[in-house]
Each structure stands twice: as C-alpha cells, then as structure tokens.
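Here is the structure we will look at, set down as structure tokens.
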Amino acid sequence: MRLWEVLWTHYLSEHLHLYVCVAILKRYRNRIMGEQMDFDTLLKFINGLSGGIDLDAILRDAEALCICAGENGAACIPPGTPPSLPIENGLLYAQQDDEVL
C-alpha cells in the first residue's frame, strides 16, 4: 500500500513509477546480468520479488535517480507515457456537478 501511495503523490515527478522500476533493476542487476535472464525469466524473477523488496531503499534510489535525471531525464520520457496516476485538468479526481433535485 505504501508504494502505491508514494506513486500517487507525484512526488518529484508524475513518472516516479519509471524511476522505481529502474531502481529495482539497478538493485538486482548483478543477479539479472549474471544469470543472463531472458525476458520471461526476468518477469518471473521480478514478480517473485513482491513483498520481499526493501521498499525504503528502492524509494531512496528512485528519488536519487529522479533528482539526478532532472529536466534532462524528464525530456527523455517518451511523449504519451502515462503518469503514475492520470490527472485530468490538473485535478487528481474529475469533479462532477451536483445534481439538483
């Protein structure tokens, strides 16, 4: 739950989820590269990490990556890449008019 809450805050970037993914890959790169995992094996490995990741360390790494990348990093994210949580008109939730009874 904490991971989702952090992603939905758009703290530092609306694409923080991408930095979290990079932080996870960076943390486990020696094992991934050492075992020369193909895509299916990598996907199985990453899914197996669920509940076993040191979330504090991953979030610190993701934050550092985001800060280091800065505007240059943001410029490298392809246009149309969805944010962690879609924002409509700058609001987290679409506002609806109250119905008059």
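These values consider heavy atoms only, across backbone and side chains, with no hydrogens, waters or symmetry-generated copies.
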Original post:
Any side-chain heavy atom of Asp56 within less than 4.5 Å of one from Arg2?
Top reply: yes
Original post:
So how far is it from Ile53 CD1 to Ile24 CD1, rounded to the nearest 0.5 Å?
Top reply: 4.0 Å
Original post:
Taking C-beta and beyond as the side chain, do Val22 and Tyr19 meet within less than 4.5 Å on heavy atoms?
Top reply: no
Donor-acceptor list for residues 58-70 side chains, cut-off 3.5 Å, not counting sequence neighbours:
residue : atom : partner : partner atom : Å
Asp61   : OD2  : Arg27   : NH2          : 2.7
Glu63   : OE2  : Tyr11   : OH           : 2.7

Subject >> Test side-chain hydrogen bond (donor to acceptor under 3.5 Å, both in side chains) applied to Asn47 - qualifying residues, sequence neighbours left out >> reply: none
**OP:** Could you tell me whether the side chain of Leu25 reaches within less than 4.5 Å of the side chain of Ile46, counting heavy atoms only?
**Re:** yes
**OP:** Under the side-chain hydrogen bond (donor to acceptor under 3.5 Å, both in side chains) rule, collect the residues that match up with Arg31, sequence neighbours excluded.
**Re:** Glu35
Original post:
Under a single-linkage definition using a 4.5 Å side-chain heavy-atom cutoff for Ile, Leu, Val, Met, Phe, Trp and Tyr, are Phe45 and Leu43 assigned to the same hydrophobic cluster?
Top reply: no
Original post:
From His17 NE2 over to Trp8 CH2, what is the distance, rounded to the nearest 0.5 angstrom?
Top reply: 13.0 Å
